[in-house]
Amino acid sequence: MTDKNLRIGVFVCDCGSNIAGTVDTEAVREYAAGLPGVVAAVRNKYTCADPGQVQIQLSIREHNLNRIVVASCSPATYEVIFRNCIAGAGLNPYLLEMANIREHCSWVTPGNGQAATEKAKRIVKVAVARAQWLIPQEEEQISVTDAALVVGGGVAGIQSALDLADSGHQVYLVEKEPSIGGIMAQLDKVYPDIECSI
Amino acid sequence: MMDVGRHPNIKLLTYAEVEDISGYVGNFKIRIRKKARYVEETQCTSCGDCVDVCPVVIPDEYQVGLGSRKAIFLSFPQAVPSAYIVNADECLGQNPIACGKCIEACEKECIDFTMKDEIIEVEVGVVIIATGMDIYDPTPLDEYGYSSYPNVLTSLEFERLICSSGPLEGHLGRPGDLAFPKRIGFIQCVGSRTQDPERGNPYCSNFCCMNTIKTTQYLHDAYPDVESTVFYTDLRAFGKGFEELLMRSRASGVKYIRGLPGEVYEDPETGDLHLMVENTTSNRLESHIFDMLVLAVGAVPRKETETVRQMVSLSKSPSGFLREAHPKLRPVDTPTKGVFIAGSAESPKDVRGCVTQASAAASRASILLSKDKFSVDAITAVVEEDLCTNCGVCANVCPFSAITWSKGQPAEVITAACTGCGTCAAECKFNAIKMRHFSDQAIFAQIDAMLEDNPSETIPTFACNWCSYAGADTAGVGRMAYPPHANIIRTMCSGRVSPDFVWYAFRKGAPVVLVSGCHYVDCHYIDANRSTTRRLDGLWDGMDKLGLDPGRLQLEWCSAAEGPRWQHIMEQAEEKRLKVTAGEISETSQLLKEKKVPSPRNPRPKDENQLSDFECLVCGEKWEGNYSSNQERSCPACRSNSVRWIRKR
């Protein structure tokens with residue numbers, strides 16, 4: 001079920017001329033304002049910069065927004081930043097959706113502003129549709145047993161075991177042979193300094 | 001090594017094997033079998049009285065068979081723990097009537113033949129796999145005479161031979177007659193860098209060049225009379241201080257000849273070894289005579305690694321070594337959370353490489369261990385018990401064994417182990433699995449939104465988060481222009497794409513649907529994208545049955561680095577879109593509204609590797625080949641991955 005009281009805010013980014021140089025971002029903003037559930041549509045020069053983020057937080061408070069769509073770049077680069085931004089305004093970070101109108105639109109549709117703008121509108125429309133189905137999520141907390149198993153007592157296993165043990169963790173080092181040492185213990189000298197291996 | 005033995009935080013279990021690993025990150029349960037050693041480890045003072053009386057003489061593994069040991073033995077002088085052990089298979093009889101001499105000789109009464117294997121169960125938060133590598137056995141390379149001539153040795157055997165704790169106690173002599181070997185030849189790349197599977201492995205084993213260079217320099221320093229000659233393919237002295245050592249070795253008079261010998265003959269009179277080689281630098285055929293030949297053998301994966309690999313659901317590289325989570329960014333992590341790799345289990349390494357990686361693995365592991373709790377991204381799967389029919393298919397397709405299920409019980413997701421790929425949700429026919437954050441409803445809403453107006457202008461494109469979505473990003477960063485009609489729906493893995501999504505898109509008027517994901521070797525969910533191929537095979541069959549053109553459903557693998565490939569995929573999809581007529585789209589739409597879609601979910605041959613027909617749905621190429629669920633399909637003519645498997649009738 002979608003939230004009955006959807007209040008979506010869409011933030012369209014110019015990214016300087018990276019997006020706005022090709023896409024008519026104002027037209028995208030106007031289009032977004034008319035999409036179902038959208039109560040605020042804002043355009044910024046750089047949404048990721050501090051003023052852009054402050055604008056998102058102010059709008060959340062002003063319009064009582066409960067879903068956020070940022071139409072800018074790839075979530076690979078900025079999703080974490082915008083999640084933290086909306087969390088700072090009291091929203092669950094999973095209520096963010098990003099519409100990638102830069103890498104997937106303006107940058108790959110050069111010299112065709114009309115097509116790029118139409119594509120950007122569609123990308124935003126799809127993001128808004130997805131945002132309607134986003135719900136707050138809580139990250140489950142998993143307890144950790146403070147101990148490590150190291151399988152193999154060659155030079156790698158020995159080093160891992162010692163590092164972890166020196167950091168104060170309990171280590172179980174399992175070696176199938178009667179002694180640790182592995183292949184390293186069979187070597188006489190090792191390079192580049194031709195020094196003793198054991 | 002000594003530090004390990006006496007560290008208060010390390011419980012050292014030698015002569016022991018891990019029998020089972022269950023559980024998940026933060027909470028693994030381990031079962032270890034500590035085999036009976038028949039000598040009280042903590043009591044033994046390694047005085048050696050037992051060895052003197054033991055009548056059984058066995059080739060010594062530590063000396064690679066060049067020396068001997070007894071049935072009761074210490075692996076090597078610096079062994080940790082410094083305690084003797086009885087090999088029960090070699091011992092004459094644990095019954096004192098049969099032998100029992102060692103029991104009488106041991107004043108401290110440490111020897112106990114009633115000792116039994118011990119099962120130890122422990123709980124840990126993380127697992128580090130450091131199972132190492134094995135050394136290539138050059139026996140199949142008969143032309144070098146390893147199995148027939150005593151003076152042909154492997155590099156590891158030679159290492160023991162020159163070692164002061166070796167069989168000759170540091171005196172250099174050749175095994176055949178113990179004569180001093182003045183002329184020593186080294187043959188590189190033995191078992192490495194070959195495309196012929198009979199002659200070894202395709203990969204470079206990393207350490208053999210430097211090991212040989214080191215040995216020649218050591219020989220020059222210790223025995224200035226020795227003349228060393230190295231036959232090589234390429235000299236790979238790439239690390240810090242490596243090139244310098246090579247220069248020293250050259251300056252010391254070691255001869256380096258580019259070219260590998262063809263065949264080696266022994267002079268039966270002298271035991272000397274004769275060989276011919278094409279010197280590829282001078283383009284001359286040369287003949288050489290040596291007193292001893294050393295084969296620089298490479299590394300091979302160890303079988304114990306395979307056992308552990310299966311316990312923690314890891315994937316392996318084509319070479320057989322373990323696959324890391326990401327070759328650049330997460331080189332010591334594995335796709336299974338809480339499991340790390342150190343050393344040569346991942347790829348052949350030298351000591352320094354192993355130590356570096358081991359410290360990295362320990363550091364990564366301690367990030368988890370230093371916390372009481374950690375949080376899991378809220379993108380995991382959740383089973384709706386009311387809808388679950390207890391069939392267990394979800395548990396079967398989960399690459400991480402994160403779903404538990406027993407007959408008659410609804411499936412259960414272990415959230416900590418779940419990575420959110422969603423292949424279980426796509427597999428469940430009863431919609432009993434919900435993906436948090438990437439819900440079915442949201443995906444259907446995305447399809448609805450993009451196909452609401454002018455659907456014939458839109459290509460719904462499913463792209464996995466890690467590779468294909470990122471590949472599209474790379475195309476963007478590189479300003480690689482392509483037609484504007486594709487519209488991406490991001491999922492964590494292509495394995496998330498349920499056949500229902502594809503049918504729905506066609507019903508809503510999509511001219512073409514594209515499913516894209518990581519290449520098989522790159523799959524971020526071990527092998528979840530193999531399920532994608534299987535589902536596409538089912539969809540193509542279903543489209544065929546309904547009289548639809550299967551070519552309207554395209555499948556392509558694209559890595560995060562393949563921007564130009566993404567551009568090509570986009571152009572290819574657009575080319576198809578332009579060919580699909582309005583009539584075709586509306587007919588499809590109508591048909592799918594009226595008919596229940598046929599969706600064979602498991603179209604695959606009973607017998608893997610069976611001969612099958614394949615057809616490229618992009619260029620129409622047809623060919624015959626082996627069906628293999630673990631091998632990426634690609635058209636030999638146009639490189640597309642829209643390759644349909646056609647069952648042989």
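Numbers restart at 1 for each chain; the letters A, B, ... are given by sequence-line order, proteins then strands.
Highest contact tally toward chain A, considering only B/Thr215, B/Leu12, B/Thr380, is held by B/Leu12 [criterion: heavy-atom pairs under 4.5 Å]. Residue with the most contacts toward chain B among A/Ala161, A/Ala129, A/Gly152, A/Ala165: A/Ala165 (heavy-atom pairs, distance under 4.5 Å). Ranked by heavy-atom pairs under 4.5 Å with chain B, the first of A/Val155, A/Thr109, A/Asn100 is A/Asn100. If you tally non-hydrogen atom pairs under 4.5 Å between each of A/Asp166, A/Ile123, A/Thr77 and chain B, the highest count goes to A/Asp166. Considering only heavy-atom pairs separated by less than 4.5 Å from chain B, the leading option among A/Val128, A/Val190, A/Leu162 is A/Leu162. In terms of non-hydrogen atom pairs under 4.5 Å with chain A, the most contact-rich of B/Gln357, B/Lys371, B/Gln217, B/Glu304 is B/Glu304. Each of B/Ala79, B/Ser375, B/Ala445 has some count of heavy-atom pairs under 4.5 Å with chain A, and the biggest count is that of B/Ser375. Among A/Asn112, A/Leu35, A/Leu149, A/Val171, the residue making the largest number of heavy-atom pairs under 4.5 Å with chain B is A/Leu149. Among B/Ile443, B/Leu156, B/Ile162, B/Ile129, the residue with the largest count of heavy-atom pairs under 4.5 Å with chain A is B/Leu156. Heavy-atom pairs under 4.5 Å with chain B peak, among A/Gly157, A/Ala115, A/Ala148, A/Cys105, at A/Ala148. Highest contact tally toward chain A, considering only B/Val351, B/Asn27, B/Leu74, is held by B/Asn27 [criterion: heavy-atom pairs under 4.5 Å]. Comparing B/Val308, B/Ile488, B/Asp448, B/Asp134 by how many heavy-atom pairs each has under 4.5 Å with chain A, the most go to B/Ile488.
Annotation: B/Lys34, atom NZ; neighbour count of heavy atoms from other residues, nucleotides and ligands within 6.0 Å is above 12. Within a 6.0 Å radius of CD in A/Gln114, no more than 12 heavy atoms belonging to other residues, nucleotides or ligands are found. For A/Tyr78, the OH atom sits in a loose shell: 12 or fewer heavy atoms of surrounding residues, nucleotides or ligands are nearer than 6.0 Å.
Closest of all the heavy-atom pairs between A/Arg122 and B/Pro484 is NH2-O, 3.2 Å. Summarising the geometry of B/Ala378 relative to A/Glu138, their closest heavy-atom pair is CB-O, 3.8 Å, with the distance given to 0.1 Å. Shown here for A/Ile142 and B/Ala416, the closest heavy-atom pair between the two residues is CD1-CB, 3.5 Å. Taking each heavy atom of B/Arg160 and A/Leu187 in turn, the nearest pair found is NH1-N, 4.3 Å. Between B/Ala481 and A/Pro110, the shortest heavy-atom contact is CB-CD, 3.6 Å. When all heavy atoms of A/Ile180 and B/Phe76 are compared, the closest pair comes out as O-CZ, 3.5 Å.
For B/His437, the parts lying near chain A are the backbone and the side chain together; criterion is any non-hydrogen pair under 4.5 Å. With a threshold of 4.5 angstrom between heavy atoms, B/Arg37 approaches chain A through side-chain atoms but not through N, CA, C or O. Using a 4.5 Å cut-off between heavy atoms, B/Met570 does not touch chain A at all. Residue contact with chain A, scored on non-hydrogen atoms closer than 4.5 Å, is absent for B/Phe28. In this structure, the portion of A/Asn18 lying under 4.5 Å from any heavy atom of chain B is its side chain and not its backbone. The part of B/Lys240 that comes within reach of chain A is its backbone (N, CA, C, O), which places non-hydrogen atoms under 4.5 angstrom from that chain. Proximity to chain A involves both the backbone and the side chain of B/Ser370, based on heavy atoms less than 4.5 angstrom apart. Looking at B/Phe340, there are no atoms closer than 4.5 Å to chain A (heavy atoms on both sides), in backbone or side chain. Of the atoms belonging to B/Ile10, heavy atoms from both backbone and side chain fall under 4.5 Å from chain A. Using a 4.5 Å cut-off between heavy atoms, B/Phe444 does not touch chain A at all. Proximity to chain A (any heavy atom under 4.5 Å) is shown, for B/Asp350, by both the backbone and the side chain. Neither the backbone nor the side chain of B/Arg33 comes within less than 4.5 Å of any heavy atom in chain A. B/Ala486 touches chain A through its backbone: at least one of N, CA, C or O sits under 4.5 Å from a heavy atom, while the side chain does not. Contact annotation for B/Met480: only backbone heavy atoms (N, CA, C, O) come within less than 4.5 Å of a heavy atom of chain A. Proximity to chain A involves both the backbone and the side chain of B/Asp473, based on heavy atoms less than 4.5 angstrom apart. Of the atoms belonging to A/Glu140, heavy atoms from both backbone and side chain fall under 4.5 Å from chain B.
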If you apply the rule side chain to side chain contact (heavy atoms under 4.5 Å, CB included), what do you find for A/Tyr172 with B/Glu123, and how did you get there?
CA-CA 10 Å; A/Tyr172 300 96; B/Glu123 290 184 15; over 6 Å; no
Side chain to side chain contact (heavy atoms under 4.5 Å, CB included), that's the test. Do B/Cys354 and A/Gln159 meet it? Break it down for me.
CA-CA 8 Å; B/Cys354 287; A/Gln159 185 67 43; over 6 Å; no
Which is it for B/Tyr218 and A/Asp188 under the side chain to side chain contact (heavy atoms under 4.5 Å, CB included) test, yes or no, and what are the steps along the way?
CA-CA 10 Å; B/Tyr218 170 76; A/Asp188 181 28; 3.6 Å; yes
With side chain to side chain contact (heavy atoms under 4.5 Å, CB included) as the criterion, how do A/Glu118 and B/Glu457 come out once you've worked through the C-alpha distance, each side chain's angles and the decisive distance to 0.1 Å?
CA-CA 11 Å; A/Glu118 286 313 305; B/Glu457 305 253 312; over 6 Å; no
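A donor-acceptor contact shorter than 3.5 Å is absent between the side chain of B/Tyr469 and the backbone of A/Ala76. At least one donor-acceptor pair closer than 3.5 Å links the side chain of A/Thr145 to the backbone N or O of B/Gly26.
Residues A/Glu175 and B/Leu13 are not in side-chain contact: their nearest non-hydrogen atoms beyond the backbone lie 4.5 Å or more apart. The shortest distance between side-chain heavy atoms of B/Arg490 and A/Pro75 falls below 4.5 Å.
Note that the OG atom of B/Ser439 and the CZ atom of A/Arg130 stand 7.0 Å from one another [nearest 0.5 Å].
Under 4.0 Å is where a charged nitrogen must lie from a carboxylate oxygen, and between B/Glu452 and A/Lys125 at least one such pair does.
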